[in-house]
There are 2 protein chains.
Amino acid sequence: MADLVWHIPFTMDARRADHIAEALEGLIFNGEFSDGDRLDEIRLAERFGVSRTPIREAFQRLALSGLVEAIPRRGVFVRQPGLVELLEMFEVMAEFEGICGRLASARITNEALDALQVANAACRQAVEAGDADAYYRENERFHHIIYRQSGNAFLEAETCRLHRRLKPFRRMQLQLRGRLAQSMSEHEGIVQALTNADAERAGRLLREHVAVQGEKFHHLMSSLKPAAE
Amino acid sequence: MADLVWHIPFTMDARRADHIAEALEGLIFNGEFSDGDRLDEIRLAERFGVSRTPIREAFQRLALSGLVEAIPRRGVFVRQPGLVELLEMFEVMAEFEGICGRLASARITNEALDALQVANAACRQAVEAGDADAYYRENERFHHIIYRQSGNAFLEAETCRLHRRLKPFRRMQLQLRGRLAQSMSEHEGIVQALTNADAERAGRLLREHVAVQGEKFHHLMSSLKPAAE
DNA sequence: ACTTCTCATGTTGTATACAAAAGTATTGAC
DNA sequence: GTCAATACTTTTGTATACAACATGAGAAGT
């Protein structure tokens, strides 16, 4: 399915390496490769119809993202994060969100507060319609507004980076029964705290809002895999 | 000075690209290239005595670190962070340290507490000797212990990454008169809070400890450049 | 039978060759 | 004299060729 993209006869501009990096990321996320698999440069080059050079460039990007590990003179191996590492990342994500919220509470604009209300309303609609995908989209918009309103572009970028990294795992736990409604009510508390410029409360609520996702994820995983790792 | 390394006739193992990335990093930090300069692949290849390939690999790594910006079909350009971005990074660094401290206060081992005392004693010695370099080294050890004791390897890695990125700028403000002694006394408060497992206090002290570095840096810069950026 | 050395094979890392695109300068028209 | 178009140069992105190294099999020796 992702393959077909590459049969378009070079309509795309820019560097092929960029697209290949994205495509590989997708392949890894979609479980085409398992943890520990070696990514064969030549095979992938043939598969994408390019030479080894752009493949290797894509590898470097993935290695810097932490998706693969490049061992010198040995090759690159996919490195799916283990449960422990995932929980660590969720913990850091919760802290990031908390910081964004704390900073945003003092710096947020009125327009952004309105936008939060709008996104939240869209979230509510999605919940009522039982549309998990729509909720996911609007939820993302909600959080990105807060990242932006932290007033710290560097923090925003780092938070987005981790958010993106956790995307495939975050999605799983959103499917859980009752989580959507709970998440909604948390959103409302967050908006209130931001409106009142209550820095500590906004930070704490956001941190807990994400931390609970990590816990849900933990439960989900440990119920699925009896003794992985 | 860093050039000489490359005249050693291939004693070094591993990939040359790795070393080149480090060397380029050093060159940029040391001010050999200014903001906006284009990094000429061919010139650098000749300079390092290699082909363009490892140079380009090094570029990618630097681009991912944010030191240079790669514009497709145009080349890579040095991207020194402006004052605003630096202050943003210091703000995030302060938050990282605070998080590490808060988490560490609950998770730190007795051995690590002892190691903190040792590092702190070495810091004190360096202050008394007026040895800024030694202080810098021991200070780094002190902080890294706390990162590690956060018990979150992912957080530790991210914090080290930013710490490393801020290294050249952090160093400037340490040279300021009286900063060493102040920094020392802050360290003692931090150790005490960690010993008492006072999470909030440890977090707050560490955050402020770094935040003040950002402020000092701000003052320093604005006193040097009247109206940069 | 087990160890060790050597060689064969395959893979990575680097160099070079080539094509496409951006930049630059010259020429020509108005 | 200015502007625009075109040819020319420079530079990036990619492909291919080559060399260094790792791995594994097989032969020789104990």
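In the text below, chain A, chain B and the rest are named by the order of the sequence lines, each starting its count at 1.
Checked against C:dT11, D:dT12, D:dT14, the side chain of A:R38 finds its nearest nucleotide in C:dT11. Counting only heavy atoms from C-beta on, B:R74 has its side chain closest to C:dA22 among C:dA22, D:dG13, D:dT14.
Evaluated for a side chain to side chain contact (heavy atoms under 4.5 Å, CB included) with A:L206, the options A:E95, A:H187, A:H143 yield exactly one hit, A:H143.
Taking atom CD of A:E57 as the reference point, atom C1' of C:dG13 lies 14 Å away to the nearest angstrom. Distance A:I42 CD1 to D:dT16 P: 13 Å, rounded to the nearest Å. Across the protein-nucleic acid pair, A:R56 atom CZ and C:dT11 atom P stand 14 Å apart, rounded to whole Å. Going from atom CZ of A:R73 over to atom P of D:dA22 covers 7 Å, rounded to whole Å. Atoms CG (A:L39) and P (C:dG10) sit 20 Å apart, rounded to a whole Å. Distance CZ (A:R61) to P (D:dG13): 11 Å, rounded to an integer number of Å. The distance between atom CD1 of B:I71 and atom C1' of C:dA21, rounded to the nearest whole Å, is 15 Å. Put simply, CZ on A:F59 is 17 Å from C1' on C:dT14, counting in whole angstrom units.
Between the CZ atom in A:F77 and the CG atom in A:D35 there is a gap of 11.5 Å [rounded to 0.5 Å].
Comparing A:S51 and B:G75 by the nucleotide of DNA chain D that holds the closest heavy atom to each, the one mapping nearer the 5' end is B:G75.
OP1 or OP2 of C:dT14 has not a single side-chain nitrogen or oxygen of B:T53 nearer than 4.0 Å.
A:R43 comes within 4.0 angstrom of nothing in the nucleic acid, heavy atoms only.
Residue-to-nucleotide contacts include a donor-acceptor pair under 3.5 Å from the side chain of B:R52 to the base of D:dG13.
The environment of CZ in A:R141 is sparse: at most 12 heavy-atom neighbours from other residues, nucleotides or ligands sit within 6.0 Å. Shown here is A:R43, whose CZ atom has no more than 12 heavy atoms of other residues, nucleotides or ligands within 6.0 Å.
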For B:H163 and B:E140: C-alpha separation, side-chain torsions, deciding distance, then whether side-chain hydrogen bond (donor to acceptor under 3.5 Å, both in side chains) applies. CA-CA 9 Å; B:H163 182 96; B:E140 200 161 51; 3.2 Å; yes

